[in-house]
Each structure stands twice: as C-alpha cells, then as structure tokens.
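Have a look at the structure below before the remarks.
Order of the sequence lines sets the chain letters (A, B, ...), proteins ahead of strands, with each chain counted from 1. These values consider heavy atoms only, across backbone and side chains, with no hydrogens, waters or symmetry-generated copies.
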There are 2 protein chains.
Amino acid sequence: MTTQIFFALSDPHRQEILLRLARGGPQTTLTLLKGIGATRQGATRHLSILEEAGLVKSEKRGREIIREFNPEAVTLAQQWFADLEHAWDSRLDRLRQQYEQE
Amino acid sequence: MTTQIFFALSDPHRQEILLRLARGGPQTTLTLLKGIGATRQGATRHLSILEEAGLVKSEKRGREIIREFNPEAVTLAQQWFADLEHAWDSRLDRLRQQYEQE
DNA sequence: CTAATATGCAACTGATATGTTGCATATCTC
DNA sequence: GAGATATGCAACATATCAGTTGCATATTAG
C-alpha cells in the first residue's frame, strides 16, 4: 500500500501537482496544467496515479472533474517512516543495554 | 533529491531490505539475501538504488561490503511530508479567517 | 599456491513508465 | 442546434526497471 504512495511521489511532476493541490485547494485538470510543463494527457496520467495511491480524491461536477488533496494517505506514509525509525532506535537501545551489562 | 528517496521506497523488496538493515544492523549482501526472495544480483541492484538515494551507506572491508542503514535520509523525506501538511494546514487557516470575517 | 568466498560487470529479456498524438464523448453556453 | 470546453480512450515510441545468466576479479582460508 505504501509502495504505491512512494511511487506516486517519486516523480517531480507529481510532487509539484500535489503541492499545488494542497496549497491551492480543489482544482480542475486544466487549472493545474498552467504552471506545470506538461501536456493535458500527461497531467491526467499523473493525477490518476496520485489518485490510485490515495493522495488525491476526485469528484465529477458537470463536464469537469475537481481534484482534491487527500491528507489521509500522507499519514500512512508517515507511519511507515515511524516504524522504520522505531526499528532503528530499538536496535540501538538493545546495543546500549548489552554494553552496560559488561 | 526526495524523488530518489521515494523511488527507492516504491519497491517492496527495497522496503524489506531497508527494514532488515534498520532492525539487524550492518550486514553484507549475502546475509541480507537470506530471507528475501531475490537473486544476489537483484539484491545488489536494489542496494545500490537504496545507496544512491542516501538511505544506505556502505563500507568495503576486505572482500566484503558492509551495508548500513542511514537514518539521515529519512528526515529529508519526513521534511517533505511536513512541508506538504503545512501547505495544507495554512490553506485551511486562510479559509477559516475569511469565513470569520463575514 | 589452491579452494572457496564475496563481489563486479555486461548482456539480455520481459514488463512498466513517460510522453505524444489523433480521435471520440459529454457538457455547457449562446 | 452549433460551437466551445473538459475530458476519455487508444495507439505508439522511447526510456527505464527488474530479474536472470555467464564470466571476471579480488580477497581470504587451508
């Protein structure tokens, strides 16, 4: 699950798109296009990847689609990092305990 | 810079390798192999990707190479998420202020 | 010196990603 | 209804990735 999130964030275009959505709020594809060096199809593809990863929600309104940043997915990724750091820290703790016993 | 980190983490094998390094401490390639369904060359490739992203440090000792988890790269990625959340939160704040002025 | 061990390098295959183009569909506006 | 707008779908070329295989190199152990 987190692999999808990390993959979505491994592209500079998608990072930029997500930042714009977080800063600027819900927007259509075309609004997002302006300021990003990408074609419409390219942006659409990036948006669908972000959406599959759960980082973006979309809502169809008439002929246009409103894309919105979804902060929930971010906590998943942060949790993964927290687990990693916990694994690291608890190893250091174990080492220190062993050392103090000698 | 963070794109490389996220890319490195977008593969389940590499996630697993990194967790093992954090839990088990410095190890050689062959030690890491046991328990992961991958060939030596596959694991080597994954390790070099993790290293290019800064998530793993390596040190040559005699004929073997000791790979080690590098926690510094993790803070970079966490900072990126923090910036994203800050962009999101400050937008919500702005909306709330606008609302209260009416 | 010889064996075994740990690793590197290079080539190859199949799969996936990225970006582009052309055409089709649905909705809004006038 | 006609034209403009927002989007979808599909095909294609190029690049990169993942995984495998075979051979070469360097270091250690006996």
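F69(B) does not carry R23(B) over the face of its six-membered ring by the limits of under 6.0 Å from the centre and within 45° of the normal.
With respect to the salt-bridge test (charged N to carboxylate O, under 4.0 angstrom), the residues R67(A) and E51(A) qualify.
Within a 6.0 Å sphere centred on CD of E72(A), heavy atoms belonging to other residues, nucleotides or ligands number 12 at most.
Out of dA18(D), dC9(D), dG8(C), the shortest distance to the side chain of I65(B) is found at dG8(C). With distances taken from any side-chain atom of I49(A) to the nucleotides dA10(C), dT18(C), dT7(D), the minimum falls on dT18(C). Across dG19(D), dT20(C), dA6(D), the shortest atom-to-atom separation from the side chain of T39(A) is found for dT20(C). Distance from the side chain of R45(A) is smallest to dT18(C) among dT20(D), dA6(D), dT18(C).
Separating the CD atom of Q27(B) from the P atom of dA6(C) is a distance of 14 Å, rounded to the nearest angstrom. We find that CD1 of I36(A) is positioned 15 Å from P of dT18(C), with the value rounded to whole Å. Residue K60(A) contributes atom NZ, which lies 13 Å from atom C1' of dT5(D) at whole-angstrom precision. In this structure, H13(A) places its NE2 atom 14 Å from C1' of dT20(C), rounding to the nearest Å. Atom CZ in F7(A) sits about 10 Å away from atom C1' in dC17(D), given to the nearest Å. The distance from atom CD1 of I66(B) to atom C1' of dT5(C) is 14 Å, rounded to the nearest whole Å. Between L50(A) atom CG and dA17(C) atom C1' the separation is 14 Å, expressed in whole Å. One interatomic measurement links the two molecules: CG of L47(B) to P of dA18(D), which rounds to 13 Å at whole-angstrom precision.
Taking side-chain N and O atoms only, T28(A) has no distance below 4.0 Å to OP1 or OP2 of dA6(D). A close approach under 4.0 Å does occur between a side-chain nitrogen or oxygen of T29(A) and OP1 or OP2 of dT7(D). Regarding contacts with the backbone of dC17(D), every side-chain N or O of H46(B) stays at 4.0 angstrom or more from both OP1 and OP2. Side-chain N/O atoms of R40(B) include none lying less than 4.0 angstrom from OP1 or OP2 on dG8(C).
Pair assignment for dA3(C) gives none, since no Watson-Crick or G-U wobble pairing has each distance under 3.5 Å.
Within the 4.0 angstrom heavy-atom criterion, only backbone atoms of the sugar-phosphate kind lie near E64(B); the bases stay farther away. Counting non-hydrogen atoms under 4.0 angstrom, R61(A) reaches nothing in the nucleic acid.
Toward the 5' end of DNA chain C, the nearer of the two residues L30(B) and G62(A), judged by each one's closest nucleotide, is L30(B). Mapped onto DNA chain D by nearest heavy atom, T44(A) and R63(A) fall at different nucleotides, with R63(A) at the one closer to the 5' end.
A side-chain donor-acceptor contact under 3.5 Å links N70(B) to the backbone of G54(B).
Criterion: ILVMFWY side-chain heavy atoms under 4.5 Å apart, direct or through other members. Under it, L92(B) and I66(A) are not part of a common hydrophobic cluster.
In this structure, the side chains of T29(A) and L32(A) stay at 4.5 Å or more apart for every pair of heavy atoms.
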